[in-house]
Amino acid sequence: MFDMDAAYREYAVMVYKFLLSLCYEEELAEELTQETFYQAVRCAGRFDGSCRFSTWLCAIAKNQLNSYRRKHFV
């Protein structure tokens, strides 16, 4: 298991910048960054270490953005 508070401090800016580079909307990137870490906490048991933690977070972030787009731009 890992310390999500420490992970947030270390990776939140990186996840935010990743999302911002995909959506170009600051508020949406902030909202999806929070949702990314919420989902990471919910699915922490699924992280198996087969990739870097930052890669796993970015995959969650991209999935969150895709879900948002499906929901709002159908």
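Note that the coordinates shown come from a computational prediction; the quantities given were computed from them, not determined experimentally. The chain is numbered in sequence order, starting from 1.
A pairwise comparison of heavy atoms in Cys43 and Trp56 identifies O-CZ2, 3.6 Å as the closest pair. Residues Arg69 and Leu22 approach most closely at NH2-O, 2.9 Å, considering heavy atoms. Here the shortest heavy-atom pairing between Ala29 and Leu19 reads O-CD1, 3.8 Å.
One hydrophobic cluster, built from ILVMFWY side chains closer than 4.5 Å, cannot hold both Val41 and Tyr16; they sit in different ones. Note: the hydrophobic cluster containing Tyr38 does not contain Val13 (ILVMFWY, side chain heavy atoms under 4.5 Å, direct or indirect links). One hydrophobic cluster, built from ILVMFWY side chains closer than 4.5 Å, cannot hold both Phe73 and Tyr24; they sit in different ones.
The CZ atom of Phe18 sits 9.0 Å away from atom OG1 of Thr36, with the distance rounded to the nearest 0.5 Å. Note that CD of Gln64 is 11.0 Å distant from CG of Leu28, once rounded to the nearest 0.5 Å. From Arg52, atom CZ reaches atom CG of Leu57 across 11.0 Å, with rounding to the nearest 0.5 Å.
With 3.5 Å as the limit, one finds no donor-acceptor pair spanning the side chains of Gln34 and Glu30.
Each of Leu32, Ile60, Thr33 was scored for a side-chain contact (heavy atoms from CB on, under 4.5 Å) with Val15, with one residue passing: Thr33.
Between Ser54 and Glu10, the closest side-chain pair of non-hydrogen atoms is not below 4.5 Å.
Using the six-membered ring where Trp is involved, Tyr8 and Phe37 have ring planes that are perpendicular, over 60° apart on the 30 and 60° scheme.
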